[in-house]
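Hydrogens, waters and symmetry mates play no part in the numbers below; they use all other heavy atoms, side chains included.
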Amino acid sequence: MNTQVPVHVQFGQGPELAVVLSPVMPAWDEGQFFAPLTQALVAKGYRVLIFDTLSLLADDDEDLASFTRRWATVLEPLGPIALLAGSALGGALVQSLLATAVGEQTAKVLLISSPTRADKILDRRLGAMAELASAGDVDKALLLLEQWVLPAHRPPTTQQPTSGSLDDRQAGHRLDRGFRLLSKLNLESQVSAWPGRLLSLFGEDSQLVRAANVSFSTSTRHLAVSVPGAGMRPLQDDLAWVENSVRSHLGIDLECPA
């Protein structure tokens, strides 16, 4: 199944490069998960490359370290990266890449709902979805995912998500392998050793990536910000809070002119 071809979309032609790595999803969404920030970055003079993180899944089991090395060979030839961003698994991959040559050529990092360290709760919930996907029950795995990306205490949608026209085998493989890459995660050393400016945003009411999982040592360079009332999708739950945090810590003004 694996073609080893990194799938991506590009927006804008500006001189500054922003590279974005996607979360686990059953099928590539053409970068829509990052849409609230994409056009603002383009308007500020960025060329935005959004990658399907799971497009480089190996046919055999591999750990995050091996996955990181293969992604580093893709991203290193891009040259200087003004902003390296990632969501969930994509953000974990970004943190792992900080210890490679990609980290050396990156100026700023934005993490969205991205774990630095797994705990028993995160491992258990990701493992439950991976097991369902591995067993072929993609619809049930997606139902759990849809429930857990919402803020805690928010009722789930009455319309159950379905794999619909998706290739169930491919979707199941993506979910299973993607979630397992985060098992027993610990990237604290990679983050602490990186000298650039890093902002990690997570939902105050997230049911997956929580404060316990954003566990690096904060400093004037590295900042973790809890988005009030948000779940795993702070870009949708409180875009203004995200924009303010990015402007304050990373010095990137994402507000589009009226």
Could you note down all residue pairs passing salt bridge (Lys or Arg N to Asp or Glu O under 4.0 Å) where residues 199-219 supplies at least one of them, sequence neighbours left out?
D119-R210
Step by step, work out the side chain to side chain contact (heavy atoms under 4.5 Å, CB included) result for H222 and S200.
CA-CA 8 Å; H222 299 162; S200 183; over 6 Å; no
Can a salt bridge be assigned to the pair R180 and E131 using a cut-off of 4.0 Å between side-chain N and carboxylate O?
yes
Are any of the side-chain heavy atoms of I112 and P234 separated by less than 4.5 Å?
yes
Applying the side chain to side chain contact (heavy atoms under 4.5 Å, CB included) test to S114, which of T116, L110, L111 qualifies?
L111
Would a 4.5 Å heavy-atom cut-off, applied to side chains only, mark F34 and L21 as touching?
no
Mind checking the CZ-CG spacing from R47 to L41? Nearest 0.5 Å is all I need.
13.0 Å
Side chain to side chain contact (heavy atoms under 4.5 Å, CB included) for S226 and F202? Distances and angles first, verdict last.
CA-CA 5 Å; S226 173; F202 64 96; 3.6 Å; yes
Any chance you could lay out the salt bridge (Lys or Arg N to Asp or Glu O under 4.0 Å) test for D52 and R174, step after step, and finish with the verdict?
CA-CA 11 Å; D52 174 14; R174 285 170 62 94; 3.0 Å; yes
Heavy-atom distance under 4.5 Å between the side chains of I121 and R124, does that happen here?
yes
Looking at R70 and E62, is there a salt bridge between them, counting it only when a charged N and a carboxylate O are closer than 4.0 Å?
yes
Is any side-chain heavy atom of I252 closer than 4.5 Å to a side-chain heavy atom of Y46?
yes
Taking the side chain from Q105 and the backbone from E76, do they hold a donor-acceptor pair closer than 3.5 Å?
yes
Do V19 and F51 have side-chain heavy atoms sitting under 4.5 Å apart?
yes
Using 0.5 Å steps for rounding, measure from the CG atom of L145 to the CE atom of M129.
5.0 Å
